[in-house]
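Chain letters run A, B, ... following the sequence lines, proteins first, then strands; residues in each count from 1.
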Protein chains: 2
Amino acid sequence: MTEPPKLTRNQDLVLGCLQKTGTPMSAYDILGQLKADGIKAPLQVYRALDKLVAAGLAHRLESLNAFVACAGDECHRRGLIAFAICETCGSVEEFADAVIRQRLDGWAEESGFHTHSATVELRGTCAGCTRPH
Amino acid sequence: MTEPPKLTRNQDLVLGCLQKTGTPMSAYDILGQLKADGIKAPLQVYRALDKLVAAGLAHRLESLNAFVACAGDECHRRGLIAFAICETCGSVEEFADAVIRQRLDGWAEESGFHTHSATVELRGTCAGCTRPH
DNA sequence: CTGTTATTTGTTATGTCATAACATAACATC
DNA sequence: GATGTTATGTTATGACATAACAAATAACAG
């Protein structure tokens with residue numbers, strides 16, 4: 001277990017907003033939702049998001065320029081996570097794959113590349129949207 | 001081999017610019033370089049980039065919101081390519097890993113996810129920048 | 001407590017990335 | 001040479017992100 005994150009007011013508001021929505025939101029989506037709570041400027045949102053992402057409580061989806069709450073409850077997960085983003089319903093599934101991680105680490109090792117961060121994102125259609133009950 | 005791409009003037013200018021530079025460029029970087037050639041508006045660049053990316057002659061780097069020429073000569077490569085982006089010198093290495101592809105396809109299969117596109121990007125420091133000359 | 005330091009917050013302005021909407025031109029095919 | 005398609009030009013606007021600075025709040029040693 002890791003130490004308690006102890007969120008500030010703004011961080012708590014932003015995380016709550018992401019969790020309530022469940023699907024990816026842009027910083028400006030979040031801003032719009034939190035106007036009533038006194039959040040007035042993009043920077044307030046971006047600053048909170050920076051901390052949440054650093055703490056592993058939220059993720060940035062590079063291919064969407066958007067953010068989601070981490071799916072794992074109380075997740076402070078570090079390391080490689082892959083995302084499958086449904087372009088129809090907006091849902092995001094997270095999965096960790098040790099083999100992929102190993103392959104990326106292996107390539108980096110061979111190539112002398114020192115990895116700071118990795119992005120693995122799939123865009124497509126989720127099971128629910130492919131075969132609507 | 002695939003059919004001849006037959007680039008238009010704007011596409012040729014944009015691709016030439018990317019190839020000459022070698023490292024990732026934003027659409028506006030390209031625009032700046034091509035002002036002298038009559039390219040005046042962002043859309044002219046974005047439209048050319050769309051075609052180049054679709055043809056596999058250039059790649060979009062999602063984590064950078066930028067573009068690079070495809071590294072493989074005459075490359076019309078399709079499918080999964082991973083990128084290692086050096087945050088120090090800006091260089092980009094492309095590599096294809098069949099195992100990673102297999103794992104992603106395998107996950108998608110199991111989960112009923114239909115993948116349209118995949119992004120795999122590493123950010124870090126390349127060998128040359130880690131151990132300067 | 002009190003002073004000092006570090007962090008968080010608020011606010012304005014600006015920078016950067018990307019596309020909508022519409023008009024025009026080039027080109028192929030019949 | 002009429003028609004459908006693709007590429008282009010142009011203006012305006014939308015969407016994502018940060019710089020710079022001031023003020024408030026938290027953390028903590030003395």
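- Rounded to a whole Å, the CG atom of A/Leu13 is 13 Å from the C1' atom of C/dT9.
- Just one of A/Leu7, A/Asn10, A/Ile30 meets the side chain to side chain contact (heavy atoms under 4.5 Å, CB included) condition when paired with A/Leu15; it is A/Leu7.
- Judged purely by distance below 3.5 Å, without hydrogens or angles, the side chains of A/Glu121 and A/Ser63 pair a donor atom with an acceptor atom.
- Here C/dT16 presents its P atom at 14 Å from CE of B/Met25, a figure rounded to the nearest Å.
- Per the geometry, CG belonging to B/Leu52 stands 13 Å off C1' belonging to D/dA7, to the nearest Å.
- Closest heavy-atom contact between A/Ala108 and A/Thr115: CB-OG1, 3.8 Å.
- Note on A/Val53 and A/Tyr28: same hydrophobic cluster, where clusters join Ile, Leu, Val, Met, Phe, Trp and Tyr whose side-chain heavy atoms are under 4.5 Å apart, directly or indirectly.
- For the pair B/Leu49 CG and C/dT19 P, the computed distance is 10 Å after rounding to whole Å.
- Exactly one residue among B/Leu49, B/Leu52, B/Asp50, B/Asn65 makes a side chain to side chain contact (heavy atoms under 4.5 Å, CB included) with B/Arg60. That residue is B/Asn65.
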Tell me, for nucleotides 8-22 of chain D in 5' to 3' order, what letter each nucleotide earns: B for a base near a protein heavy atom under 4.0 Å, S for only sugar-phosphate near one, - for neither? BBBB----BBBBB--
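- B/Leu122 has its side chain within reach of A/Trp107: a pair of non-hydrogen atoms, C-beta onward, lies under 4.5 Å apart.
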